[in-house]
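A quick write-up on the structure given underneath.
All heavy atoms count here, side chains included; hydrogens, waters and symmetry mates do not.
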Amino acid sequence: MMLEKTFQPEKVEAQHYEQWEQSGVFGAHPESNKAPFTIMMPPPNVTGSLHLGHALNTTLQDIMVRYHRMTGRDTLWQPGTDHAGIATQMVVERNLGAEGINRRDMGREKFIEKVWEWKAYSGGTITSQLRRLGASPDWPRERFTMDEGLNKAVRRVFVQLHKQGLIYRDKRLVNWDPKLHTAISDLEVVQKETKGHMWYIKYPIEGSTERFITIATTRPETMLGDTAIVVNPEDERYADLVGKFAILPIVGRPIKIIADDYVDKEFGTGAMKVTPAHDFNDFEVGKRHNLEVINILDINARINENGPEEYQGMDRYEARKKILSELEAQDLLEKVDSITNSVPYGDRSDVVIEPFLMDQWYVDAKTMAKPAIEAVRTGKTEFVPKSWENTYYHWMENIQPWCISRQLWWGHQIPAWYGPEGTIFVEETEEEALAAARKQFGEDVRLERDEDVLDTWFSSALWPFSTLGWPEKTPELAKYYPGDVLTTSFDIIFFWVARMMMMGIHFMGDVPFKKVYIHALIRDAKGQKMSKSKGNVIDPLDLVEKYGADALRFTLTAMAAQGRDIKLSDDRVEGYRNFATKIWNSARYCQMNQCIPDVNFDPQSVTATPNKWVVDQVTELSTAISKGIESYKFNDAATAIYQFIWGTFCDWYLEFTKPIIQSEGHPLAEETRKTTAWVLDQALLLLNPFMPFITEELYNEMAERPLNKMLISSEWPDYPATLKAPAAVEEMNWMIRLITEIRSVRADMNVPAAAKINLLVKGANAATQERLKTYEEIICRMARLETIGLTADAPKGAIQSVVDEATIILPIADIIDLDKERARLRKEIEKLNAELTKIHTKMADEKFVKNAPEEIIEEQRSRQANFESTLNKLSQALKQLEAA
RNA sequence: GCGCGAUUAGCUCAGCGGUAGAGCAACUCGUUUACACCGAGUGGGUCGGGGGUUCAAUCCCCUCAUCGCGCACCA
């Protein structure tokens, strides 16, 4: 069956994928004695769908996995999904809300059932989308962060860290999300620059009707919870007020004026109100001075019973308005400035976060970060590109206690039970908690489990070992931990990478991965971050449908240069779709010319120079690709194979060999056909990790393969050094130079493409003469010539040019435009002179001759000689024309 | 305020001590039976500015500018 004219990805992608998956090639083999290669897939949100970041990340991982699998490593690419606590709960709540149902009315158990239903419904979406991209992880090992085994790991980790004092319960200010009704971690808070106001408020001094102390605030509503005013101890303006009391307006409470270094004399009025329950800094000041902590908000950020009666139940912003108008009425509002300040928002809820005093569970991140920092310092784990290590250090060295409890229902429930007299029992199971309680109280007591669940990232932090069966001692754990590389995006270094490092080192005694490859961020063609609100999101599946998965993969790979964002546009994908078509057509050509792969073919046996050359180029290519993949320079690998297939193979090799293959009974025909087929086969093999579908399809189409072997399970080639053919490379490079020069001159001089003209060569050395004879047919064909001859003198009115030592002459006096040819020659001569001037200056510089390495000087000498020789020949040609 | 990155052909980007590259776009030519999703060719750059190191700087160092991104501060 002859191949179609173009590759139609939609016709074969699904079929090949199914075949791969069914065959089990994706699977790891813990029992084998091959060295492992392990990648833990960052688990996408189970109910999410694929975006371009996933597509890029998946493609790069798949390239590494396919490559290492081919090189004979026992490869484990561990897939799975994340339960994404807040995000998923929000979606389900929204869905229920549309039906008019509130989760609280429904009850916890019922609600969680609903979430599992939602997971069952939408949970396959993203994994099937990963399949569309051609990803080849070990699907039967797929895990979910909420599955049984992972839950066990979570409980074990929580209990052990608690017993070691690394998890504890504490009453501190947390970041409270008044919409989602949960605490969130520092990382889930985003600071947004917001236009706001600075209000200057006068607080009357107790016992005086004249004196006031003016404070500045951006959040006047919090004054209801003020318990002090603080000034700098050095500030003379207020020195006499320290120790006195001010009367809190509206509330009427006397609050003490205290002194603390924290206050900046220059800022605002130099006097600051202190609200320990509603500001992180105020909380610290309050602790130092034993101030009363008055919480004035409820979980909805409405004024609670601690506020004045007429404010109770009022939303924080309404309260602000009312307070301001009251202050104004009392003439206590001194002035208002418009300012821009940053305001904390919840990254999921997009509402303003309130600092809120609560009991929560914390991980002692500071302690756990120490060995994790050390591991990167000593190079046990390395970031690629290395510059991300600074980001990692900076965060890890300033790490805060990690608040891990969330007031949600969807997630791992905290394994802590509360008993009488404020006792807490942290155990892996209820039975153990009951037993511990019985031991303490000497009788059975009633326990109540902590209602809260853990931060999603707590379970993802265990991913590199929990997926391998921990806490059981499994063969997988022994073999595949630590992983080789973790591939992810920079925005997740803190959320995930850092936490995996801490947990992995603590529980496994070793880092979770040896390398962290941080890939680029994908933006739209204008360089803007893609976001739903901007409407500039490109759906990777649309691109797959339009251009094929291979084209999308190759585009992302070719653009994945280290340390730079990717600006993606359809044009780029289209270009690489064209590349796929090019490969397809080269295969079609092979097929039409009976270039059929022969399993017995030995590239070592080729005799013809073009064949030796192309074999040499294949070995170069394989080295370049391996190097690219192994050093995470995926774009270099992609460029190398693109240039080989389109340039070396299609533009030159196939053209060089057409005269051999297409003439009857040529003695080299057989060898050349087999070489051609072999080269295509190698190209398919080397391209397979990047473009798995088209290569598999062509591999399948080009020949019957023994045992129906698939390309995906072929071995990565290891070519012997004996395939190198430097002489052949030199010879073919000369051919390329010669043909290119003739074509260029022809086009410059407007010689019609159809005009078959003669070529005369002057001053050719013996080797060149030999080559001209050997490749006469090829040269004639590719440069559109009639004959090639040698000459001692150029005829009048000919075009002349130079290739190496030889002058090439196109005697076409009848069609040549002499003025144009003169102009062309002058231009060439000018260029050469410019180069020669540069070299002369250099060579005349004593310091250069004295200091530069010999080889550099030698190089300049040889360039000079070449330029001079060419210059002479062209000058002679010009002279001849001018004489004419 | 601190830090990181970017600034190279019209566009998107490689390169990173010693001849400045690619893809796309532009222009010219071409229905030479693998491919017009193609072929052949051409033009286009004092490598952001200024200083320094070096025999030699697009590349290393300093500085400035512009853009982007983190982090911190914000009473």
Pair A/K273-A/T222, side-chain hydrogen bond (donor to acceptor under 3.5 Å, both in side chains): steps then yes or no: CA-CA 9 Å; A/K273 71 192 212 48; A/T222 61; 2.7 Å; yes
Positive for salt bridge (charged side-chain N to carboxylate O under 4.0 Å, His left out) with A/R861, one of A/E868, A/E854, A/E855: A/E854
Can you find a side chain N or O atom of [X] that sits less than 4.0 Å from OP1 or OP2 on [N]?
| X | N | answer |
| --- | --- | --- |
| A/K658 | B/rA34 | yes |
| A/N851 | B/rC55 | yes |
| A/K5 | B/rA36 | yes |
| A/N578 | B/rC38 | yes |
| A/K582 | B/rG39 | yes |

Look at the side chain of [X] and decide which nucleotide, out of [options], has an atom nearest to it.
| X | options | result |
| --- | --- | --- |
| A/Q662 | B/rC69, B/rC37, B/rA34 | B/rA34 |
| A/D571 | B/rC29, B/rG39, B/rC24 | B/rC24 |
| A/E655 | B/rC69, B/rA40, B/rC35 | B/rC35 |
| A/L654 | B/rA34, B/rA20, B/rG41 | B/rA34 |
| A/F848 | B/rC71, B/rG18, B/rC4 | B/rG18 |

B/rU8 versus B/rG48 - spacing of their P atoms, nearest Å: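 Going atom to atom, P in each nucleotide, I get 6 Å.
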Give me the distance, rounded to whole Å, that separates B/rG44 from B/rA25 when you measure between the C1' atoms they each carry. 12 Å
If you assign A/M559 and A/F494 each to the RNA chain B nucleotide with the nearest heavy atom, which residue ends up on the more 5' nucleotide?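 It is A/M559 whose nearest nucleotide is closer to the 5' end.
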Hey, which of these two, A/V849 or A/T740, hits RNA chain B nearer its 5' end, going by closest nucleotide? A/T740
Are there runs of at least three consecutive Watson-Crick or G-U pairs touching RNA chain B, with each pair's two distances under 3.5 angstrom? Give them by first number.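 In RNA chain B, stems of three or more pairs: B:1-7 with B:65-71, B:10-13 with B:21-24, B:26-30 with B:38-42, B:48-52 with B:60-64.
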Would you compute the distance between atom CZ of A/R316 and atom CZ of A/R219 and round it to the nearest 0.5 angstrom?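 Between A/R316 CZ and A/R219 CZ, I get 7.0 Å after rounding to 0.5 Å.
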What pairs with A/N866 under side-chain contact (heavy atoms from CB on, under 4.5 Å), at least two apart in sequence or on another chain?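 A/N866 satisfies side-chain contact (heavy atoms from CB on, under 4.5 Å) with A/S862 only.
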Check side-chain contact (heavy atoms from CB on, under 4.5 Å) between A/K366 and all other residues, then give those that pass, not counting sequence neighbours. A/D364, A/I399
Heavy-atom contacts under 4.0 Å between residues 634-647 of chain A and RNA chain B, which residues? A/W646
My understanding is that only residues two or more places apart in sequence, or in another chain, count here; which of them pass ring pair (Phe, Tyr, Trp, His ring centres under 6.0 Å) with A/F7?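 Result, ring pair (Phe, Tyr, Trp, His ring centres under 6.0 Å) vs A/F7: A/W584.
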List the residues meeting ring pair (Phe, Tyr, Trp, His ring centres under 6.0 Å) with A/F383, not counting sequence neighbours, and say none if there are none.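 By the ring pair (Phe, Tyr, Trp, His ring centres under 6.0 Å) rule, A/F383 matches A/Y392.
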B/rC37 base / A/R577 side chain donor-acceptor hit below 3.5 Å: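 Check passes, donor-acceptor contact within cut-off.
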